[in-house]
Protein chains: 2
Amino acid sequence: MSELERALAAIHALGEPDAGAIAAARAHLDALTKPPGSLGRLEELVEQLAGITGDPAPRVDHPAIVVAAGDHGVARHGVSAYPPEVTAQMVANFVAGGAAINALAGGIGADVVVVDVGVAGAVPDGDPDTAHARLLRRRVRDGTADFTAGPAMRREDAEAAIEAGIEVARDVAADGAGIVGVGEMGIGNTTAASAVASVLTGFAPDAVTGLGTGVDAEGRQRKVRAIERAIAVNAPDRLDPVGVLAAVGGLEIACLTGVILGAAAARIPVVLDGFITGAAALVACDLAPGLPDRLIAAHRSPEPGHAIVLNRLGLRPLLELELRLGEGSGAALAIGLLQAAARVRDGMATFDDAGVSGPA
Amino acid sequence: MSELERALAAIHALGEPDAGAIAAARAHLDALTKPPGSLGRLEELVEQLAGITGDPAPRVDHPAIVVAAGDHGVARHGVSAYPPEVTAQMVANFVAGGAAINALAGGIGADVVVVDVGVAGAVPDGDPDTAHARLLRRRVRDGTADFTAGPAMRREDAEAAIEAGIEVARDVAADGAGIVGVGEMGIGNTTAASAVASVLTGFAPDAVTGLGTGVDAEGRQRKVRAIERAIAVNAPDRLDPVGVLAAVGGLEIACLTGVILGAAAARIPVVLDGFITGAAALVACDLAPGLPDRLIAAHRSPEPGHAIVLNRLGLRPLLELELRLGEGSGAALAIGLLQAAARVRDGMATFDDAGVSGPA
């Protein structure tokens, strides 16, 4: 049995979220000095976390943000506003603590774990004494091939990247993470995510392709054409999600599919970030039915494919702040809301304790 | 010159938000290692705070949540799911630290300042050694009169409640608050807020009246009828906002109008909470043109009047989480987002510092 098969079997064995834990969480929330349900989605989140973890008062302590990084052969077609070397430069920036995700992770007390699963260039170690992120070297290959001319990678590469992600999730779980946010870095990766989303949802490339981190209308047309060519050349089978990743995906997308599956298997709630993590979740959910109940959508970005993916997964985003950075930035903000929900659950008096009258 | 006139003159003297500070904030944000604007509304918030405060790197340290409390004569008409004594009980709960706002304020390092501007019953001091909120006794009268039979209060009472709020804002500013969130407690106050919103926006009572913290459809009909009667009996003049407060408002709503005006006059950004604080802001903005630029709408609640009020003010809410608690709970969550925005602004490396390439 492969790592992937073990993770899928573990998720299958979990079955439905824990109804007893959900009911206990609900009963506690209703005893607190506030009208029942008046904290809206914060209360729903407490119930969801209880169902996932089986704990009526689940901890959201020790969050981990896993940022998977990979390069994309398709970047040579002018699909990004940035040159490909930025992927490696930003990985170094994560380790040095200068990126947005470092600032946002600091606000929620999260560890940042960066996985080089497929960067093309050299990634220096950085200064271990001042590192602001843990760098895991799990490189499967030096970026993907240009998927307009053939598959992005071999099937074995996609499987290896998924399994790297499952192992990262296991490590993070062993370190005591109560919640995992996922993020990514990879110049060109909105193009790969749009290709995966197009194949798996059946929407046309044009419908799921946006401006990414900042191309213009012409750049968007180049993205659409590259995806159309990739699908024509590789003819991915939408009933074979791993094959789709190999044909038109990316190494960081495959790795995040593994992180999502591995965390879910360990009963750790997973907070998705933007469109690229949504594409990884789409693959994971095709592999593991019932998985969406274990996921939280942090936000909805302006990428048109993101709304399509979230609808397909049946996930309602918590935030809509026009975020289009990636790195797990939206996941970090959403974990802040989850921590606020946990504070409410743990910090409030009950009607009885406080001597407050209930409904008349 | 009254306190109110002084505050309005001070706001008028401020003029437009500081364009130089906004431009400096924008330039700094664009130098950071992320695509320009990719953090969406977080970046817009940094600019807005810069414009309000005149500081390109405004602090959101030492937040204060001001919770104004008052009772409502209209509560006798079955417009709330809770009995009127809950107002005083919840004030005691705020001081004892058992309410949702205490838990949420803890998460953002905020002081909770509770203003008894019009509670009807006795409010005990609580134990000063363990107080989780500062209780300010500024009671103008013991709740409002039943506004279905005459004015809620005298004009002098409304003015006194507004001036109490202005003074509270001045105290909070003197204590070094970098940002002020507003909240409220008052059984029956969604009915008063709907009445104020109906008069000032011109929408019918039925259009701006919802289920509050938990009445049923019949309860909502009682609210609508009470508001219709109040408007018929008192015939408030929509061009006289203070008169509207006196006729169909509430003491805590008037006090929050003062807090909003006082904080704006001191160049402190104000974060609105739900519908009732929105009604207070509507009055404040009718008194002080240009004020909406100095306000941040934390969230949009399910109350139908809230969306109408926010549209009228031209404010886009940051969150939409189905919150309907009040107390400043949504404001506290939004201040968490503002703190995250400030962390990004202060904590990130620039492209030059980090050796990251810009757009190709």
Side-chain angles (χ1 to χ4, degrees), chain A residues 32-42 44 78 80-83 85-86 89-90 92-93 96-100 102-104 106-107 213-214 301-302 318-327 329 332-333 336-337 339-340 343-350 353-360, chain B residues 32-42 44 78 80-83 85-86 89-90 92-93 96-100 102-104 106-107 213-214 301-302 318-327 329 332-333 336-337 339-340 343-350 353-360:
Chain A
L32 302 175
T33 49
K34 55 168 189 53
S38 59
L39 282 171
R41 295 197 65 196
L42 290 195
E44 292 173 17
S80 173
Y82 291 83
E85 63 262 27
V86 168
Q89 291 168 348
M90 284 301 299
N93 198 22
N102 301 107
L104 293 171
T213 47
S301 81
L318 282 169
L319 296 164
E320 197 164 345
L321 296 173
E322 294 161 23
L323 307 175
R324 48 189 173 80
L325 176 60
E327 301 180 4
S329 50
L333 294 172
L337 293 178
Q339 290 175 333
R343 282 182 88 83
V344 164
R345 181 200 62 211
D346 294 341
M348 284 182 66
T350 62
D353 290 344
V356 174
S357 307
Chain B
L32 301 175
T33 49
K34 55 170 189 51
S38 60
L39 282 171
R41 295 198 64 196
L42 290 195
E44 292 173 17
S80 174
Y82 291 83
E85 64 262 27
V86 167
Q89 290 168 348
M90 284 302 298
N93 198 23
N102 301 107
L104 294 170
T213 48
S301 82
L318 283 168
L319 295 163
E320 197 165 345
L321 296 173
E322 294 161 24
L323 307 175
R324 50 188 172 80
L325 175 60
E327 301 180 4
S329 51
L333 294 172
L337 293 178
Q339 290 175 334
R343 277 186 159 271
V344 163
R345 181 200 62 211
D346 294 341
M348 285 182 66
T350 63
D353 290 344
V356 174
S357 308

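Chain letters run A, B, ... following the sequence lines, proteins first and then strands; every chain starts at 1.
- Neither the backbone nor the side chain of N102(A) has a heavy atom closer than 4.5 Å to any heavy atom of chain B.
- Residue with the most contacts toward chain B among S301(A), G37(A), G78(A): G37(A) (heavy-atom pairs, distance under 4.5 Å).
- Nearest heavy-atom pair, L32(A) versus M348(A), reported as atom, atom and distance to 0.1 Å: CD2-O, 3.7 Å.
- Looking at L323(A), the atoms closer than 4.5 Å to chain B (heavy atoms on both sides) sit in the backbone and in the side chain alike.
- For chain B, no part of Q339(A) is nearby; none of its heavy atoms comes within less than 4.5 Å.
- When the salt bridge (Lys or Arg N to Asp or Glu O under 4.0 Å) test is applied to E322(B), the partners found at least two apart in sequence or on another chain are R316(A).
- Counting heavy-atom pairs closer than 4.5 Å to chain B, the top-ranked of the candidates S329(A), A332(A), G347(A), P83(A) is P83(A).
- In this structure, the side chain of R343(B) does not engage the main chain of L104(A) through any donor-acceptor pair within 3.5 Å.
- Heavy atoms only, all atoms of each residue included: L325(A) and P35(B) are closest at CD1-CD, 3.5 Å.
- Neither the backbone nor the side chain of P302(A) comes within less than 4.5 Å of any heavy atom in chain B.
- Heavy atoms closer than 4.5 Å to chain B are found in both the backbone and the side chain of A340(A).
- Both the backbone and the side chain of L321(A) come within less than 4.5 Å of a heavy atom in chain B.
- Across all their heavy atoms, S38(A) and K34(A) have their closest contact at OG-CB, 3.7 Å.
- Among A103(A), S357(A), G40(A), the residue with the largest count of heavy-atom pairs under 4.5 Å with chain B is S357(A).
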